[in-house]
> 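Handing you a structure now.
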Amino acid sequence: MNDRPRASLSRSLRLGLFIAAVIGLVTGLFAWHQIESERAINLDDVARRAHVLAQQLSVRATHALALPDAQARLALRPRLEGYQRLLGYAVFRADGRLLAAGKAVSAFTDKLDDPARQALQSGKEVTQLLRASGMHVHVLMKPLPGATPATGALAVVHDVTFLDDRAVARLAQFGFWILIITLLAVALVVGSTWLAYERPLHKLADWMRRLRTENVAEAPPGLPSGRLRSESDRLAASFRAARSTGQVLSEAAMHAEQVWTPERLRTHGLAALGEARQLIVVSNREPYMHQWHDGKPHVIVPAGGLVTALDPVLQACGGVWIAHGAGDADRATADAAGRLTVPPDDARYTLKRVWLTRQEEQGYYYGFSNEGLWPLCHLAHERPVFRVGDWEHYRNANRRFADAVLGEVGSGPAVVLVQDYQLALVPRMLKESRPDLRVGLFWHIPWPNPEAFRICPQGAEILDGMLGADLVGFHLQQYCNNFLDTVDRVLESRLDWDHFAVEFRGNRALVQPFPISVQPWSERHVHEGKDLARQITELREQHQLGDAFVAVGVDRIDYTKGLPERFRAVARLLEKYPQYRGRFTHVALGAPSRTHIPRYREHLDRLEALAEEINWQFRTDDWKPIHFLVAHHDAKTVHAFLRMAPMGIVSSLHDGMNLVAKEYVAAQTGGDGVLILSEFAGAARELADALIVNPYDIEQFAEALRAGIEMDDAERRARMQRLSRQVEEHNVYRWAANFLTELAATRTPGAETAGNNKTATA
Ligand code: G6P
């Protein structure tokens, strides 16, 4: 029993004792009164008896008084002795002198003088209770007849000690019962107050404490229905309402604190850049590409995670983005130095295009980057091809990009963010000319294990180039581990495993994971509300989707994306569960990619054939299972499909992150939708609430599709809400802030690492 019940029990006990005292007092008074009444009645009996006895003896005593003393005593003696409680008699002369007394009485006749005198003087009977010879005696003194003053007095003396004994016995009797009654009363009072009052109040107090500290849903316990019950119900309801409002507000405040915005990144970015103030991003792929269409230049935003992630960062921070001008209308839309401001309709930063010849592009981009490094880093069972000529072009092109950066930087300080595997040599090239530049390299694709990497004949040069950076970022810790292992095997360098840093050729490169992400759709120029509904209706009509359950996928057409596996999983689903025929449709938005590489062309051809074959097998007059829409889809169309589809599918065989998974989640503003996600995409580490599949396991993949279609509403919503929160709180602005913070905290060559100087904000 804890202290509180003990305290309340002692309160009941005190109340019980008080009531016991009252009961004891009242019943004691009653007992006393009773005993006294009985004693009075008994005394009355004694007095009456004494009176009768006095009456009987008074004639003889009167006669005796007329005799001289000796004769009188003789005449009286036989009559003066008592029996049992009657102790005996005594006779006094008119002058108060004792004439004769019984034996028992003679021991204390002096005590009878006084009543004798009173009776003789008053001529009336006198009754007295006396203590004599250790007894309580009752004395009736009767004046004997004659003239006044009387001729004498006759004392009748009774031993009434028995009345004391009787009173004591009665007292014991009463005491016993009073004790029983009192104990019963105490037990009754303590028990009933505890049960009826203390215990419910105690439970109520406990419930109120839990209401205050926990989320208590049940009604207050043990309260009888009535006002207290209804008032406490209302109190609880208003308390819960107040608390949930408070919770919502504080969660919203916490959430706001967690979410990075472009403004917050801009402020943070400026602080992180410090005196450098110049932010340069350099990548192969440009964020805005111009292409001729009907004699006019049209802008397109190339598909791919790099552009999706970096464009909002540059829009927030400003700066210069240097990239290959790959569009056929790119020269016509840039100035003589290859510069233009972008986005085209809302200038936020500068795009500087680097021009490459066809041969350079072929060797550097299609060749070394995408036939060599790309399959090298992705475990998709595609054999890498390394040609010496491609390597030459790769090195030269990297030099062109590095020179473009150096030209842009001038002589001032700058922070340069080098992007991806196409530009692995750029960090070293920059540092060789300008050791003071702060250079970060972000690798957007996986990093293989050392055994796989050793295939690359130019592996050491690639690592050397990368290790010119102050900070090398990957999506996952696993890629960082692989990278350090690779460096360890390939180069003679100093590895600092504690800080995840490599010292090589006078530069210290920190190696850290930064899982990349996306911006909210609300920041992009996509439709919402009625416009979006209209667009969705149009798309459904245009593609004859009817009211089928749509599962959408958005991919560059690349053999790493697991598209054949996905198509086969769809076919298996329909084969195994024919009830979905006519009801389930997969819309695959495929952006053609790297089509000058035969492997990619073949892949596209095979995919189209596979989709056709599956459609032929299952199609009906007004339905087909796979809509393989090969085109460059703009953001509005992609967004509308993501919003329309209750299911999103990402089936990569290997993927650094895969931002489509996050784009799908970010589009589900209604908090609904199922994401099927390959375990081999980096995103699976963060998006654990997706249905994770092994895309090679067609049976499991088909089952996951079925589980996603059938998932009950509550579970689907709960999963999507957690996913949305994750994506919202870990958006691309947070990614950029983390990267810039870490880069700003790195030291110049030879200095200590600033791995411990992370800011708490990012
Ligand atoms: C991946 C790479 C990026 C690349 C993108 C699109 O995301 O990591 O570097 O830009 O694919 O590929 P592409 O070859 O068209 O630039």
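Quantities reported herein were computed from a predicted structural model and do not represent experimental measurements. Indexing begins at 1, ligand by ligand and atom by atom, following the structure's order.
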> What is the closest protein heavy atom to atom 13 (P) of ligand 1, and at what distance does it sit?
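It is Y365 OH, 3.3 Å.
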> Could you check whether R358 pairs with E361 (Lys NZ or Arg NE/NH1/NH2 to Asp/Glu carboxylate O, under 4.0 Å)?
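So R358 does not pair with E361 through a salt bridge.
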> For the residue pair E360 and H393, establish whether any side-chain heavy-atom pair is separated by less than 4.5 Å.
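Side-chain contact under 4.5 Å: yes.
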> Could you list which atoms of ligand 1 come closer than 4.0 Å to a heavy atom of I445?
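Close to I445: 8 (O).
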> Heavy-atom contacts under 4.0 Å between Q419 and ligand 1: side chain, backbone, both, or neither?
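Looking at Q419 and ligand 1, no heavy atom falls under 4.0 Å.
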> Tell me: protein heavy atom nearest atom 2 (C) of ligand 1, and distance?
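Checked against all protein heavy atoms, atom 2 (C) of ligand 1 sits closest to D420 OD2, 3.2 Å.
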> Look at D470 together with R508 and state whether they make a salt bridge at an N to O cut-off of under 4.0 Å.
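Salt bridge flag = no for R508 with D470.
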> My understanding is that we take every heavy atom of each candidate and find the minimum distance to atom 4 (C) of ligand 1. Doing that for H444, M657, R594, which one comes out nearest?
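Of the listed residues, R594 has the closest heavy atom.
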> Starting from atom 10 (O) of ligand 1, what is the nearest protein heavy atom, named by residue and atom, and what distance separates them?
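Result for atom 10 (O) of ligand 1: R285 CB, 3.6 Å.
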> So which heavy atom in the protein is nearest atom 7 (O) of ligand 1, and how far is it from that ligand atom?
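Ranking protein heavy atoms by distance from atom 7 (O) of ligand 1, first comes G305 N, 3.7 Å.
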> Look at ligand 1 and say whether A303 reaches it with a heavy atom at a distance under 4.0 Å.
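Flag set, A303 near ligand 1.
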> Once you restrict to heavy atoms under 4.0 Å, what part of S283 touches ligand 1? Side chain, backbone, both or neither.
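It is neither; nothing of S283 touches ligand 1.
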> Is the shortest side-chain N to carboxylate O distance from E729 to R725 below 4.0 Å?
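Yes, charged N to carboxylate O under 4.0 Å.
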> Measure the shortest side-chain to side-chain distance between I462 and L373 over non-hydrogen atoms and say whether it is less than 4.5 angstrom.
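I462 reaches L373 side chain to side chain.
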> Side chains of R285 and Y365: any donor to acceptor distance under 3.5 Å?
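Y365 vs R285: donor-acceptor pair found between side chains.
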> Taking R524 first and then E663, would you say they form a salt bridge - that is, a charged N and a carboxylate O separated by under 4.0 Å?
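A salt bridge is present here (some side-chain N lies under 4.0 Å from a carboxylate O).
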